[in-house]
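Every chain is numbered from 1 and lettered A, B, ... according to where its sequence line falls, protein lines coming before strand lines. No experiment lies behind these values; they were computed from the predicted model shown.
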Amino acid sequence: MNNPLLQVEGLTTAFRAGGALIRPVQDVSFSVAQGGALGIVGESGSGKSVTALSILRLLPDTARIETGRILFDGTDLATAGMTSVRGRDIGMVFQEPMTSLNPVLRVGDQVAESLTLHNICPPAEARARAIDMLRRVGLSDPERRAQDYPHQMSGGMRQRVMIAGALVCRPRLLIADEPTTALDVTIQAQILDILRRMRAELGTAIVLITHDLGVIAEFVESVVVMYAGRVVERADVASLFRNPGHPYTTGLLRAVPRLHDVQRRLYQIPGNVPPPTRFPPGCRFAPRCAEARPICTEHVPPEIALSPSQSAACWKHTGFARP
Amino acid sequence: MRRYITNRAVDALLTVWLVLTLVFFAMRVLPGDPAVAALGDQASSDQLEAFRALMGLNDPLPLQYVHFLWDMLRLDFGTSFRTGDRIGALLAGALPYTLQLAFAAMLVGAAIGIPAGVVAATNRGRSADYIARLLSLLGLCIPEFYLGALLLIVFALRLDLFPIMGGGAGFLDRLNHLVLPAVTLGIVMAAFTARLTRSSLLEVLRRDYIRTARARGAPERVVVWRHALRNALIPVVTGFGIYILTMLSGSISIELVFARPGLGTVLVSGILARDYPVVQAGLVVFALCVVVVNLTMDVLYALIDPRIRVEAL
Ligand SMILES: Nc1ncnc2c1ncn2[C@@H]1O[C@H](COP(=O)(O)OP(=O)(O)O)[C@@H](O)[C@H]1O
Ligand code: SF4
Ligand SMILES: [Mg+2]
């Protein structure tokens with residue numbers, strides 16, 4: 001059985017927004033191997049969260065998956081009962097630790113919830129397992145903390161609780177959507193460390209979403225770079241860092257702060273990610289790209305394979321000629 | 001939690017004191033001589049003077065105030081001008097009728113209103129939502145006394161299912177007498193609660209932690225009843241508090257419609273008879289009810305929302 005664990009094929013997600021139909025995610029494909037680790041990178045507004053929410057079908061009422069298939073271990077999630085997949089087979093950690101826990105329920109009960117919802121074990125054992133998970137994610141005195149309410153905890157603590165709750169059923173896949181973005185730098189490292197350790201202990205595959213390439217390097221094997229709703233590059237981590245195939249990736253790499261030359265002014269890609277209402281035709285990165293040529297603003301660049309483990313959607317790899 | 005409740009209780013006591021003071025001065029700056037009011041225009045000046053002395057109306061105002069507070073503190077409400085009965089006993093007899101009515105109406109309101117609000121919110125934009133909203137609008141538009149009279153005519157006079165008037169004697173009979181007035185006030189309360197629950201639940205269902213619950217595999221039923229409703233009820237409890245207060249005044253008209261011997265009836269007959277110690281005592285007890293309701297709501301908040309126990313010190 002060499003099925004990928006997760007296969008996203010041609011995903012397009014549309015929102016009704018102010019009478020218009022917008023597509024913040026368009027024709028996105030990637031896959032995650034059993035036990036593997038994939039990073040999804042891109043600036044804020046690239047469509048990473050919408051992609052993640054599409055996988056678990058947690059989109060708001062205004063959104064709809066227009067086209068594409070999402071296969072989990074070979075099963076199309078469109079036909080699977082999502083409530084039995086969520087929390088048991090796929091766990092998810094969100095970007096907003098401060099608001100993602102229910103303020104009126106005890107933390108321990110929230111961590112244990114997936115176990116009881118999926119009838120994995122009786123409530124008493126679920127409690128014990130929840131406390132064990134809280135200990136594993138680094139809460140001291142977990143028996144007592146399990147009785148706390150979310151407002152009694154810091155953001156970092158809450159994110160640990162979220163991770164414990166997402167992993168308590170030992171899902172085969174964890175989707176972590178910018179799990180450290182809302183946290184202090186020192187806490188960020190701790191959370192990443194916990195994720196890494198949990199992955200090693202439980203063998204969970206992971207999709208790690210981030211806008212920070214620095215986070216990706218030591219965590220995942222392969223990377224998907226998203227820009228304005230599209231995948232612009234996919235590569236193994238080594239190739240991506242050594243030899244980025246897309247000008248956007250190059251820009252992201254230059255923007256990563258380096259420990260050794262703090263003197264250098266941090267590079268910023270000029271301009272901003274356009275909102276879905278104003279996606280330009282052709283290559284969506286063209287307005288910000290230093291290498292852009294006329295063809296770039298007219299035609300969408302195809303994905304060109306650069307090696308068996310790397311491809312990029314950029315006209316420069318065809319010599320700016322249509323194939 | 002204990003400190004929170006202590007603070008609320010101190011607030012409540014302060015409020016009671018303010019209310020007592022207000023009632024005291026209001027009763028005394030009111031135009032008209034209470035002695036004349038009590039004994040009528042035909043009374044001789046000797047009679048009036050004797051009455052004033054008896055009631056302490058000739059004492060300086062501060063002394064009267066102290067006496068008044070002291071009496072209230074001992075729950076000594078004096079005697080009725082008109083009948084000479086002890087007012088304390090009068091009110092003690094009437095209060096249960098009012099409290100039972102308010103409590104029963106609240107139960108009816110919550111039992112109908114909360115599920116109706118949940119059904120409306122979870123079926124937003126569908127026919128169940130429209131029907132629930134239409135009915136609740138109707139419930140809010142009908143004046144209570146009109147609805148009461150309507151129910152009285154249909155269920156008591158025509159169908160003869162319930163007694164027409166009075167408070168009843170013995171548990172079952174009292175319960176039987178309670179049904180129609182409680183349903184009357186309860187329907188209005190339900191309409192109010194349903195609308196509040198609906199809007200509050202819709203707002204809560206958009207929160208991040210609801211998405212988290214879904215991500216854990218919670219089916220819609222669990223999402224709504226376990227995760228959303230308790231959060232959604234926080235503003236509903238506020239609404240309850242406000243509504244019970246209006247209902248206490250509403251109970252006056254309902255008690256009149258159903259001729260229940262409750263606080264409202266005592267107060268109104270006291271006003272009609274110009275029996276001013278009765279009115280004064282009735283006002284004080286009404287105000288006490290209001291304060292107790294508020295205090296209960298504060299405690300309820302703390303039970304529903306763990307954040308309040310710590311933060312709202
Ligand atoms: N609920 C929503 N309604 C309308 N548009 C949305 C909604 N959520 C996201 N979007 C659109 O999708 C785009 C991408 O959002 P998102 O996936 O959150 O980006 P990222 O996670 O990469 O920062 C946003 O620019 C926004 O315009
Ligand atoms: S296709 Fe053109 S505009 Fe787009 S990234 Fe490549 S060079 Fe830049
Ligand atoms: Mg995001």
Q: Restricting to side chain to side chain donor-acceptor pair (under 3.5 Å), what partner residues turn up for A/Thr13, sequence neighbours left out?
A: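 Result, side chain to side chain donor-acceptor pair (under 3.5 Å) vs A/Thr13: A/Ser54.
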
Q: Could you tell me which residues satisfy side-chain contact (heavy atoms from CB on, under 4.5 Å) with B/Leu135, sequence neighbours excluded, listed by chain and number?
A: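 For B/Leu135, the residues satisfying side-chain contact (heavy atoms from CB on, under 4.5 Å) (neighbours in sequence not counted) are B/Ile131.
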
Q: For A/Gln152 and A/Tyr149, indicate whether the former's side chain and the latter's backbone hold a donor-acceptor pair under 3.5 Å.
A: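 It does hold such a pair.
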
Q: Ignoring hydrogens and angles, state whether a donor on the side chain of A/Gln190 or A/Arg160 is under 3.5 Å from an acceptor on the partner side chain.
A: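 There is such a pair between these side chains.
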
Q: Distance-only, no hydrogens or angles: does the A/Glu178 side chain make a donor-acceptor pair with backbone N or O of A/Asp212 under 3.5 Å?
A: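 The answer is no, because no donor-acceptor pair under 3.5 Å joins these two groups.
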
Q: Quick one: what part of A/Ile175 sits under 4.5 Å from any heavy atom of chain B, side chain, backbone, both or neither?
A: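 Nothing of A/Ile175, per the 4.5 Å heavy-atom cut-off to chain B.
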
Q: Under a 4.5 Å cutoff for heavy-atom pairs, which residue among A/Gln110, A/Met82, A/Arg57 has the most contacts with chain B?
A: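 Max contact count across the listed options: A/Gln110.
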
Q: Would you say the side-chain atoms of B/Arg260 pair up with the backbone N or O of B/Tyr97, donor to acceptor, closer than 3.5 Å?
A: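 Present.
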
Q: Considering heavy atoms only, which positions within residues 195-209 of chain B lie below 4.5 Å of chain A?
A: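 Only B/Asp208, B/Tyr209 of residues 195-209 of chain B have a heavy atom under 4.5 Å from chain A.
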
Q: Got a donor-acceptor contact below 3.5 angstrom from the B/Tyr4 side chain to the B/Asp298 backbone?
A: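 Yes.
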
Q: State, yes or no, whether a side-chain contact exists between B/His227 and B/Arg216 at a heavy-atom distance under 4.5 Å.
A: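 The answer is yes; the side chains approach within 4.5 Å.
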
Q: Looking just at side-chain N and O atoms, do A/Asp73 and A/Gln34 make a donor-acceptor pair shorter than 3.5 Å?
A: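 A/Asp73 vs A/Gln34: donor-acceptor pair found between side chains.
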
Q: Give me the contact list for residues 113-123 of chain A versus chain B, heavy atoms only, anything under 4.5 Å, ordered by residue number.
A: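 Within residues 113-123 of chain A, near chain B: A/Glu113, A/Ser114, A/Leu117, A/His118.
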
Q: Just how far is it from atom CG of A/Leu174 to atom CG of A/Leu167, taken to the nearest 0.5 Å?
A: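 CG of A/Leu167 is found 5.0 Å from CG of A/Leu174.
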
Q: Would you check if there is a donor-acceptor pair between the side chains of B/Glu220 and B/Thr122 at a distance under 3.5 Å?
A: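 B/Glu220 and B/Thr122 do not have a side-chain donor-acceptor pair below 3.5 Å.
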
Q: Find the one option among A/Ser100, A/Ala166, A/Gly87 whose heavy-atom pairs under 4.5 Å with chain B are most numerous.
A: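 Highest number of pairs under 4.5 Å: A/Ser100.
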
Q: Grab the two heavy atoms, one from B/Ile254 and one from B/Pro181, that are nearest each other, plus how far apart they are.
A: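 For B/Ile254 and B/Pro181, the tightest heavy-atom pair comes out as CG2-CB, 3.8 Å.
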
Q: What residue, out of A/Thr99, A/Leu101, A/Leu53, has the most heavy-atom pairs lying under 4.5 Å from chain B?
A: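 It is A/Thr99.
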
Q: Side-chain contact test, heavy atoms from C-beta onward, threshold under 4.5 Å: evaluate it for A/Ile55 versus A/Phe72 and give yes or no.
A: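 Result no, sub-4.5 Å side-chain heavy-atom pair not found.
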
Q: Which bit of A/Leu105 is near chain B, if near means a heavy-atom gap under 4.5 Å: side chain, backbone, both or neither?
A: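 Answer is side chain: those atoms of A/Leu105 sit under 4.5 Å from chain B.
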
Q: Is it the side chain or the backbone of A/Met162 that comes within 4.5 Å of chain B heavy atoms, both, or neither?
A: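 Only the side chain of A/Met162 comes within 4.5 Å of chain B.
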
Q: Between A/Asp89 and chain B, which part of the residue has a heavy atom less than 4.5 Å away: side chain, backbone, both or neither?
A: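 Neither; nothing under 4.5 Å.
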
Q: So which of B/Ala213, B/Ala215, B/Pro219, B/Ala218 has the biggest tally of heavy-atom pairs under 4.5 Å with chain A?
A: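 Ranked by contacts with chain A, first place is B/Ala215.
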
